[in-house]
There are 4 protein chains.
Amino acid sequence: MSAAPERRHELLATAAEVFAAQGYDATTVRKIADAAGILAGSLYYHFDSKESMLDEILSGFLNELWGRYDAVLAAGHGPTETIEALVTESFREIDRHRAAVAIYQKESRQLREQPRFGYLDDSQQRFERAWLRTLERGVAAGVFRADLDIRLTYRFVRDTVWVAASWYRPGGQHSPEEIARQYLSMVLEGVALRARHDPVTQ
Amino acid sequence: MSAAPERRHELLATAAEVFAAQGYDATTVRKIADAAGILAGSLYYHFDSKESMLDEILSGFLNELWGRYDAVLAAGHGPTETIEALVTESFREIDRHRAAVAIYQKESRQLREQPRFGYLDDSQQRFERAWLRTLERGVAAGVFRADLDIRLTYRFVRDTVWVAASWYRPGGQHSPEEIARQYLSMVLEGVALRARHDPVTQ
Amino acid sequence: MSAAPERRHELLATAAEVFAAQGYDATTVRKIADAAGILAGSLYYHFDSKESMLDEILSGFLNELWGRYDAVLAAGHGPTETIEALVTESFREIDRHRAAVAIYQKESRQLREQPRFGYLDDSQQRFERAWLRTLERGVAAGVFRADLDIRLTYRFVRDTVWVAASWYRPGGQHSPEEIARQYLSMVLEGVALRARHDPVTQ
Amino acid sequence: MSAAPERRHELLATAAEVFAAQGYDATTVRKIADAAGILAGSLYYHFDSKESMLDEILSGFLNELWGRYDAVLAAGHGPTETIEALVTESFREIDRHRAAVAIYQKESRQLREQPRFGYLDDSQQRFERAWLRTLERGVAAGVFRADLDIRLTYRFVRDTVWVAASWYRPGGQHSPEEIARQYLSMVLEGVALRARHDPVTQ
DNA sequence: CATGAATGAGAGTTCATTCAT
DNA sequence: AATGAATGAACTCTCATTCAT
């Protein structure tokens, strides 16, 4: 039932690609098997079920992501640097595991309700706490605006980053770091020209 | 096949609610019928198929949306006002047809590929052209930043607005206009404090 | 439930047309209703069921047919004249009730097995007896060949006549009597030229 | 989708039997599966659809039939011998594939209208041309009567042969060759005793 | 007489999953 | 490791029929 871990990995990558392209429900195990060049039944030598493939893809992605996030959060940066680092790590993760991120984006709301995928909720809540705390620190430190509803701000930043997974294509003209830089610039400083606000400082 | 338009409307609203909550694929016609208090087969007196319900929901939403957008675009506003109006209309539409917007957000990428839903593509392209043109006018007029990749900016604003449909609940603490105002403020002016704009505090 | 007999008749004629064109199973009551310009449910004011329409069509046809056949059989003709009269009446019936005959041809084998349509079997057996007796009389009288299996001959003649309902179109270039004449000529005298049978002309 | 050809063959034979006995429309895939001793869904491992089973049955039958017909037509026989050979091959085919022939007889008129079954039309037309040409040759050669409408004659012979599939049971008291012989005798020489036509030759 | 809306049974089909080989 | 064949539950959809209006 387990077998060589490399084969699992290949099959999982294939499955993730198909899930991301067609949606989890619309993906039949036969499509995955076709893409892998084997028959549908043969997948069950490697995995318990279609759902367990999804599980492995998502938990693998979240484990890796939290490894990076935890490093950032433990580094003791100031709020702006923390946010910059979190956003940059997020875009890097999108670059590395685009399929998994796209699946997460699309399916997590439904999945969350099943006990098996309860960890999606946990992750979501840790994520929210980390962001809210960082934003609050930024407001307290006078580097973020105080006039905004902080939950709205959180959602704004969160969505803004992750939705990118739905259109991002690795190997495109912008590196993840470059995209992160521009996104951060928009998020932090806005799209409007600042010049007119303070011509003197320019 | 057509029948009294009121009943259709009720059933369509019910279907939209279920589609939005569970996803189109995961929604069985039985669930829709249960939610409407009739039997699954009875839906087929009113509609040709599950797909045609989806079609009617999405095209109805887009038609209404474009009615508003066209009015805004024809009004001859400057770029900032145009963007403010478009964003505000978008949040109003989310308020009025949350379910339809959520379905659109979640399913349109897959649907687009079917000929029947080709209008989703058309709409998407009109949308993109309208935004890009407005952003370019703003850059030319010196009210928007010129240092950003304009397509990135477009995606940023577009996603930022529509993803809200996934968490927005009508009748919540913020009116659509209030949410639009805060989103616009974040998008245009950024999340960072403009402290440096105030020469005194520097 | 009964109502004006003329309306029944119209509807029955419409139903027969559709049954003949599409087959009984493939005909939905909705198609019949469409052809009659009313809604499907409305047919049930006139008839108990789809099956009872079929029943009325077939029994009406057989009653009329047997009225003619009985007259022929009671007339005391010789075997050749009897066969000529039966075949001619058959083609006349095809001319008058083409749809009913076509339905009978196509559906009676299956229908026969249901108790409700047991009369199809009875009719079939009376038919067979009448034909076999006439053929036997002809053999005995020395006007029909004695070297043929009489049941094969019966089937040959029977099929030969009734299958015509599947291609016959009333108002075509041949009258039913003309078609009967030619069929009889083929059946009785054969397709081969008799010339060679006459040693003198050889 | 294709699988071991033997299993397909068995299942196809089973399906043909049921189609012939109950009619295509009245045959449910569950009935076929029951007859084959498997579950309905399992049929879809071997075939795409109920319709594709029908298709395979009919096209298989026509392919085989035309193999024989073409051999006959290419042999350069005279008209009488050609007709004798065609009729004999037809009865042999009825003997070999009774179910397929019965299905063809009953369903082809409706099926013909669907593009997928257009080959039924093609076959029908080739068949008609071959027969008409042979009959014309016979008339020209003075072996067939010239006083008959040749299309009527064609239909007469055609129907006469194929309808036999509806009552023929393989393994009965007459071999296909014997049935062919008697049919040919009736068709060519008629049912009436020739004696009276030419008393001198007796 | 006819409509409009619904019922409920059953149709063809799909699909995750199992298992002997 | 993989195949080939099957299972069984669920799905979308159809249709004869009912009935209040």
Side-chain angles (χ1 to χ4, degrees), chain A residues 1-4 7-8 11 25-33 36-53, chain B residues 1-4 6-8 10-11 25-33 36-53, chain C residues 1-4 7-8 11 25-33 36-53, chain D residues 1-4 6-8 10-11 25-33 36-53:
Chain A
M1 191 155 287
S2 50
R7 190 71 177 116
R8 280 180 84 78
L11 292 171
D25 282 322
T27 297
T28 67
V29 296
R30 182 135 168 257
K31 281 179 192 163
I32 300 174
I38 57 177
L39 289 183
S42 308
L43 285 171
Y44 288 81
Y45 178 80
H46 302 277
F47 305 98
D48 285 343
S49 65
K50 179 183 168 189
E51 198 181 72
S52 79
M53 293 185 229
Chain B
M1 190 155 290
S2 50
E6 343 141 15
R7 189 71 177 116
R8 280 179 86 77
E10 283 170 37
L11 293 172
D25 282 321
T27 297
T28 70
V29 295
R30 244 189 196 74
K31 282 179 191 165
I32 300 174
I38 59 178
L39 289 181
S42 306
L43 285 171
Y44 290 82
Y45 177 77
H46 302 278
F47 305 98
D48 285 342
S49 64
K50 180 184 165 187
E51 196 181 77
S52 81
M53 292 186 228
Chain C
M1 189 155 290
S2 50
R7 190 71 177 114
R8 280 181 83 77
L11 292 172
D25 282 322
T27 298
T28 68
V29 298
R30 182 133 169 257
K31 281 180 190 161
I32 301 173
I38 58 178
L39 289 185
S42 308
L43 284 172
Y44 288 80
Y45 178 81
H46 301 278
F47 304 98
D48 284 344
S49 65
K50 179 183 167 188
E51 197 181 71
S52 79
M53 292 186 230
Chain D
M1 192 156 288
S2 49
E6 343 141 15
R7 190 68 178 117
R8 281 179 84 79
E10 284 170 35
L11 292 172
D25 282 322
T27 298
T28 68
V29 295
R30 271 165 183 89
K31 282 180 192 162
I32 300 174
I38 57 177
L39 289 181
S42 307
L43 286 171
Y44 289 82
Y45 177 76
H46 301 277
F47 305 99
D48 284 343
S49 65
K50 179 184 166 187
E51 197 181 76
S52 80
M53 292 186 228

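Residue numbering restarts at 1 for every chain, and letters A, B, ... go by the order of the sequence lines.
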Task: Non-hydrogen side-chain atoms of B:R30 and B:L39 separated by less than 4.5 Å - done: no
Open item on the list: What's the closest nucleotide to the side chain of A:L39 if the choices are F:dA6, F:dT3, E:dA5?
Closed with: F:dT3
Task: Side chains of B:L11 and B:I32 in contact at under 4.5 Å (non-hydrogen atoms) - done: no
Task: Footprint string (nucleotides 16-21 of chain F, 5' to 3'): B base within contact, S backbone only, - free, heavy atoms under 4.0 Å - done: SBB---
Open item on the list: Working to the nearest 0.5 angstrom, can you tell me the gap between B:R8 CZ and B:Y45 OH?
Closed with: 11.0 Å
Task: Length of the line joining B:L43:CG and F:dC11:C1', which is rounded to integer Å - done: 14 Å
Open item on the list: On a heavy-atom basis, which atom in A:D48 and which in A:S52 lie closest, and how many Å separate them?
Closed with: N-OG, 3.5 Å
Open item on the list: Does E:dA6 have OP1 or OP2 under 4.0 Å away from a side-chain N or O of B:H46?
Closed with: yes
- [ ] For A:L11 and for D:L11, find the nucleotide of DNA chain F with the closest heavy atom, then tell me which residue's nucleotide is more 5'.
- [x] A:L11
- [ ] Could you tell me which non-hydrogen atom of D:S49 sits nearest to which non-hydrogen atom of D:Y44, and how far apart they are?
- [x] CA-CE2, 3.8 Å
Open item on the list: Here's a test of your reading of the structure: between D:I38 and B:K31, which maps to the more 5' nucleotide of DNA chain F?
Closed with: D:I38
TODO: To the nearest Å, give me how far apart OH (B:Y45) and P (E:dA5) are.
DONE: 4 Å
Task: Which nucleotides of DNA chain E pair, in dot-bracket form (Watson-Crick or G-U under 3.5 Å, | meaning another strand) - done: .||||||||||||||||||||
Task: Minimum side-chain heavy-atom gap B:L43-B:M53 below 4.5 Å - done: yes
- [ ] Might you point out which heavy atoms bring A:K50 and A:V29 nearest each other, and give the distance in Å?
- [x] CB-CG1, 3.9 Å
- [ ] Using atom CD1 of B:I32 as one end and atom P of F:dC13 as the other, report the distance to the nearest whole Å.
- [x] 10 Å
